[in-house]
Amino acid sequence: MLKSHSCGELNKKHVGAKVTLAGWVDRRRDHGDLIFIDLRDREGVVQVVFNPEISKSCHQTASEMRSEYVVRVSGEVARRPRGTENPKMATGEIEVIAYDTAILNPSKTPPFYINEDIEIDENLRLRYRYLDLRRARMRENLLLRHQVVKFIRDFINDKGFIEVETPILIKSTPEGARDYLVPSRLQPGKFYALPQSPQQLKQLLMVAGVEKYFQIARCFRDEDTRADRQPEFTQLDLEMSFIDEEDILKLIEELFTAMVAALKPEMRLIKPFPRLSYNEAMARYGTDKPDLRFGLEIRDLSDIAAQSSFSIFRSVISEGGRVKGICVPGGADYSRRQLDELNRLVQGLGAKGLTTIALGTSAASLDSLTIGMVKSVAVKFLTLEQIKEMAERFGAKAGDLLLIIAAKPEVVDVALAGLRQEMARRLKLADPNMFAFAFIEGFPLLRRDEGAGRWASEHHPFTAPRDEDIPLLDSAPQKVRGRHYDFVGNGYEIGGGSIRIHTAELQRKVFRLLGYSDGEIEARFGHLLEAFDYGAPPHGGIALGVDRIAMLLAGEETIREVIAFPKNQNAVDLTFDAPSPVTEEQLSELHLLLREED
RNA sequence: GGCCCCGUGGUGUAGUGGACAAACAUGCCACCCUGUCACGGUGGAGAUCGGGGGUUCGAAUCCCCCCGGGGUCGCCA
């Protein structure tokens, strides 16, 4: 080793010790004769003093040091002179008096600050990711992610699970997300696909008798990115035999409770984790991944709106739409400009517009509210009674603002969910010191794919229907509830799972309902169905997004901040400039010919 | 594919039709400085205002197209 200690570990117990350190120059303070260097390594920063009276050559070398130079320093740890201690530094009580030093490698001036935490253009950060990762914020995020994965592995191991690796080169399944394909050299014209998740593999492991499987698994989906979505991401994938929903939910609740206590003890949880039905989540929050740290719940006003003479409300309802809204406490004094912004927001989410009703601030209470105190474009078309009825539904008070959207059911929910999120952000309603984890249950097994004119799986085709709903598969598929559950936290979908179908008979029935011919079923899922005929145990599991867990625990807003080398929004790796063209020879070996694009 | 936001010295920002051959902070370079810690002081270099076209007497600023980054809807079994 070129070093005897790390910079960050030194403290007053080391006073008098002769140490050799190595790291990067975080900052240089040159007083002419006396030079101070803040030397940084993975563990932290320590002040090194170069005094020409101790070593003239050291002092000369130090005067040549610049930010991010890699240097080695030998010196004696000393207590700082009285009055010069720095309480802001972890090592601020001591310093290292250098008597020998060397520049191991100089550095160009970096393209951005390593020693300051400021927002930098994402392009630059990703292009120089190795420098970005030197910054304290990213170093801490990498460490936290390591701790998260380590904690998960230890915890799950203690519960009797064994980690099994599954193939990265596997078979394309056209349903679901778009696959990343890998051409085969040995099998001309054929392709592997990278796994979207190890779903079928882990089910086969259950048939194999593994009973309790887990994996920190890399998954790939060729879909558009988001702040919480990357083309490749990491799942905690697990599966158990001989269990029901309760076993999985309990395990996950235990895991997250223990993990937060261990890694983020200052954060508060809602215990036990709330369980909401899908219908309840959609009705109250307009989404199946609500942020439960704040209220602003949605209320359905369709019945009142239908009675009004407001033509927008009436026509939307007559076409099968809904009129719903949220109530912003104290929002009645919102300016025209602010309301316009909200209008644009919901229009961006697909709504035609936003109806705002400001309940007059001059009213002492709702009872004393008069029509003259209400500010709204809809005021001419609503009676005072109707307005009060709406306000009561929200438990609104005078001075509140009602934000109402009339649209098709799915648009109303998307727009109001977005509006709710935005209002909470503006009003700072979400407690930053809380993780509001929750389970969502009772999803429908199927949803109608109107484009294709057939049924599609809400989750995936391996999800078991509730036993009592199985007869409905033939008569009323839309009413069948799946044995599926989602795990959400602070408005993010952290993961989901289900109890699986484990008999070939039921699995075939569901595939047929999804519109597959018997031939397609055999070609795509024959391996799984065959396995089910050899004693498949009842089983189920869950998959959780490790990137999102790390992001939440780190308090970050994108998973890029907890991935060492993420891709940008266009799925490009800017550090390596991937993807990139390949040679004609490579294409030829793979039996590929590139298509001319217009 | 749609919508929204952003692009000005190395970095972060100000400037939204003339007083800008572009300002501030920091970084960089040189010199001075023995207790600093975001050290301080003096001086200096550094920007075709993302690119192209247009409007105008005049464009960083207004309009159009393109490029790049971010957010989001669709998409994500």
Side-chain angles (χ1 to χ4, degrees), chain A residues 26-38 45-54 59 66-68 78 80-89 91-92 95 97 108-128 131 173-179 196-197 199-200 219-231 233 341 344-351 410-411 414-415 417-418 421-422 445-447 449 451 455-463 482 484 493 496 498 510-511 514 516 524-525 545 557-558 560 568-570 572 574:
Chain A
D26 199 56
R27 225 176 266 280
R28 182 179 65 120
R29 290 178 295 280
D30 187 343
H31 287 231
D33 278 347
L34 210 55
I35 296 176
F36 299 97
I37 295 278
D38 288 342
V45 178
V46 70
Q47 172 166 283
V48 181
V49 186
F50 295 89
N51 188 332
E53 288 169 13
I54 306 283
H59 179 267
R66 295 292 183 273
S67 288
E68 301 309 314
R80 290 196 188 188
R82 190 176 299 277
T84 67
E85 301 89 351
N86 185 351
K88 284 184 283 189
M89 277 177 92
T91 59
E95 60 193 6
I97 314 293
K108 288 191 191 175
T109 301
F112 49 82
Y113 301 108
I114 309 297
N115 51 17
E116 278 180 44
D117 185 24
I118 55 167
E119 292 302 318
I120 305 154
D121 182 68
E122 193 96 6
N123 250 336
L124 255 194
R125 291 180 62 193
L126 292 179
R127 178 146 169 255
Y128 297 97
L131 297 181
T173 52
E175 50 285 325
R178 212 172 281 115
D179 281 321
Q196 297 178 25
S197 82
Q199 179 61 35
Q200 294 183 55
C219 305
F220 306 86
R221 294 179 189 174
D222 187 4
E223 297 291 348
D224 287 359
T225 59
R226 288 287 184 277
D228 62 352
R229 271 169 33 189
Q230 283 268 305
F233 59 101
E341 281 173 12
R344 275 200 299 279
L345 173 79
V346 301
Q347 285 180 18
L349 294 170
E410 57 280 15
V411 171
V414 168
Q421 205 69 31
E422 173 63 16
L445 184 71
L446 304 163
R447 65 185 155 75
D449 184 338
W455 293 101
S457 291
E458 176 68 34
H459 180 44
H460 60 50
F462 315 110
T463 300
H484 172 64
E493 181 191 330
S498 61
V510 170
F511 282 141
L514 295 172
Y516 293 111
R524 292 181 189 174
F525 305 107
E557 291 188 347
T558 90
R560 293 190 301 279
N568 72 5
Q569 193 166 68
N570 293 313
V572 171
L574 291 169

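Letters A, B, ... are given to chains in the order of the sequence lines, protein chains preceding strands, and every chain is numbered from 1. Treat the numbers as computed from the prediction; the structure is a model and nothing was measured.
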Undergrad: Considering only heavy atoms and no angle criterion, is a donor-acceptor pair shorter than 3.5 Å present between the side chain of Gln569(A) and the base of G71(B)?
TA: yes
Undergrad: Of the nucleotides U36(B), U72(B), C76(B), which has the atom closest to the Glu223(A) side chain?
TA: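 For Glu223(A), the side-chain atoms sit closest to C76(B).
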Undergrad: Does Glu85(A) use its side chain to pair, donor to acceptor, with the backbone of Gly83(A) at less than 3.5 Å?
TA: yes
Undergrad: State which of A38(B), U36(B), C75(B) makes the closest approach to the side chain of Asn86(A).
TA: A38(B)
Undergrad: Select base, sugar-phosphate, or nothing to describe what Glu122(A) touches, counting heavy atoms under 4.0 Å on all strands.
TA: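 Sugar-phosphate only.
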Undergrad: Quote, to the nearest angstrom, the P distance that separates G74(B) from A14(B).
TA: 33 Å
Undergrad: Does the side chain of Val45(A) reach to within under 4.5 Å of the side chain of Thr91(A), using non-hydrogen atoms?
TA: no
Undergrad: Polar pairs (N or O, both sides) under 3.5 Å between protein and nucleotides 25-31 of chain B?
TA:
{"residue": "U26(B)", "atom": "O2'", "partner": "Tyr113(A)", "partner atom": "OH", "Å": "2.8"}
{"residue": "U26(B)", "atom": "O2", "partner": "Tyr113(A)", "partner atom": "OH", "Å": "2.8"}
{"residue": "G27(B)", "atom": "O4'", "partner": "Tyr113(A)", "partner atom": "OH", "Å": "3.3"}
{"residue": "C29(B)", "atom": "OP1", "partner": "Arg66(A)", "partner atom": "NE", "Å": "3.0"}

Undergrad: C57(B) and C73(B): how far apart are their C1' atoms, nearest whole angstrom?
TA: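 These two C1' atoms come out 46 Å apart once rounded.
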Undergrad: Give a yes/no answer on whether the side chain of Arg29(A) brings an N or O atom under 4.0 Å of OP1 or OP2 in U36(B).
TA: no
Undergrad: Would you call Glu68(A) and Leu131(A) a side-chain contact if the rule is heavy atoms closer than 4.5 Å?
TA: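 No, every pair of side-chain atoms sits at 4.5 Å or beyond.
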Undergrad: Rounded to the Å, how far apart are Phe112(A) CZ and G12(B) P?
TA: 10 Å
Undergrad: Within less than 4.0 Å of OP1 or OP2 of G71(B), is there a side-chain N or O belonging to Arg560(A)?
TA: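 Checking G71(B) against Arg560(A), a side-chain N or O does come within under 4.0 Å of OP1 or OP2.
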Undergrad: So Gln421(A), base contact, sugar-phosphate only, or nothing? Heavy-atom distance under 4.0 Å.
TA: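 Touches nothing.
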Undergrad: Mind checking Gln230(A) for me? I need base, sugar-phosphate or nothing, with any heavy atom below 4.0 Å counting as a touch.
TA: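 Result for Gln230(A) = nothing.
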Undergrad: Above 12 or not: heavy atoms from other molecules or residues under 6.0 Å from CZ of Arg127(A)?
TA: no
Undergrad: Please determine if a side-chain N or O atom of Asn123(A) lies less than 4.0 Å away from the OP1 or OP2 oxygen of G68(B).
TA: no
Undergrad: Looking at G74(B), does its base get a donor-acceptor pair with the side chain of Asp224(A) below 3.5 Å?
TA: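 It does, because a donor-acceptor pair links the side chain of Asp224(A) to the base of G74(B) below 3.5 Å.
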Undergrad: Of His460(A) and Gly92(A), whose nearest nucleotide on RNA chain B comes first from the 5' end?
TA: Gly92(A)
Undergrad: Please give the distance between the C1' atoms of A60(B) and U48(B) as a whole number of Å.
TA: 12 Å
Undergrad: Between the base of U36(B) and the ring of Phe36(A) - centre-to-centre under 5.5 Å, planes within under 30° - is that a stack?
TA: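 Ring-base stacking flag set for Phe36(A) and U36(B).
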Undergrad: Please work out if Pro81(A) contacts a base, only the sugar-phosphate, or nothing of the nucleic acid, heavy-atom cut-off 4.0 Å.
TA: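 Base: the residue Pro81(A), judged by heavy atoms under 4.0 Å, touches a nucleobase.
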Undergrad: Using atom P of each nucleotide, how far apart are A23(B) and G15(B) to the nearest Å?
TA: 15 Å
Undergrad: Could you tell me whether the side chain of Arg80(A) has a donor or acceptor atom within less than 3.5 Å of a complementary atom in the base of C37(B)?
TA: yes
Undergrad: When rounded to the nearest Å, what value does the distance between P atoms of U56(B) and U61(B) take?
TA: 16 Å
Undergrad: Side chains of Asn568(A) and Thr225(A): does their closest heavy-atom pair fall under 4.5 Å?
TA: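 Not in contact.
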Undergrad: Counting any heavy atom closer than 4.0 Å, what does Gln199(A) reach on the DNA or RNA strands: base, sugar-phosphate only, or nothing?
TA: base
Undergrad: Please answer whether U36(B) and His31(A) are stacked, defined here as ring centres separated by less than 5.5 Å and planes angled under 30°.
TA: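 No; by the centre-distance and plane-angle rule, His31(A) does not count as stacking on U36(B).
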Undergrad: Can you tell me the pairing partner of C3(B) across any strand shown, Watson-Crick or G-U wobble, with both distances under 3.5 angstrom?
TA: G71(B)
Undergrad: Kindly say if Arg125(A) contacts the phosphate of G69(B), meaning a side-chain N or O under 4.0 Å from OP1 or OP2.
TA: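 It does not, given that no N or O in the side chain of Arg125(A) lies less than 4.0 Å from OP1 or OP2 of G69(B).
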Undergrad: Hey, does Leu124(A) reach any base, or is it just sugar-phosphate, or nothing, if we go heavy atoms under 4.0 Å?
TA: sugar-phosphate
Undergrad: Listed by chain and number, what are the salt bridge (charged side-chain N to carboxylate O under 4.0 Å, His left out) partners of Arg221(A), not counting sequence neighbours?
TA: none
Undergrad: Less than 4.5 Å apart, side chain to side chain, heavy atoms only: is that true for Pro81(A) and Glu95(A)?
TA: yes
Undergrad: Does Gln347(A) put a side-chain nitrogen or oxygen below 4.0 Å from OP1 or OP2 of C3(B)?
TA: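 For C3(B), OP1/OP2 do not have a side-chain N/O of Gln347(A) under 4.0 Å.
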Undergrad: I'd like to check Arg560(A) versus Glu122(A) (side-chain heavy atoms, cut-off strictly below 4.5 Å). Are they in contact?
TA: yes
Undergrad: Below 4.0 angstrom from OP1 or OP2 of G69(B), is there any side-chain N or O of Asn570(A)?
TA: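 Answer yes for this pair, as a side-chain N or O of Asn570(A) is under 4.0 Å from OP1 or OP2.
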Undergrad: Can you sort out the partners of Glu458(A) under salt bridge (charged side-chain N to carboxylate O under 4.0 Å, His left out), two or more places apart, ordered by chain and number?
TA: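 Once residues adjacent in sequence are excluded, the partners of Glu458(A) under the salt bridge (charged side-chain N to carboxylate O under 4.0 Å, His left out) criterion are Arg447(A).
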Undergrad: Of all the choices, G71(B), G69(B), G35(B), which nucleotide is nearest to the side chain of Ala227(A) once you look at every atom?
TA: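 Closest nucleotide to the Ala227(A) side chain: G71(B).
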Undergrad: Under 4.0 Å, counting only non-hydrogen atoms across every strand here, what does Asn115(A) touch: a base, just sugar-phosphate, or nothing?
TA: nothing
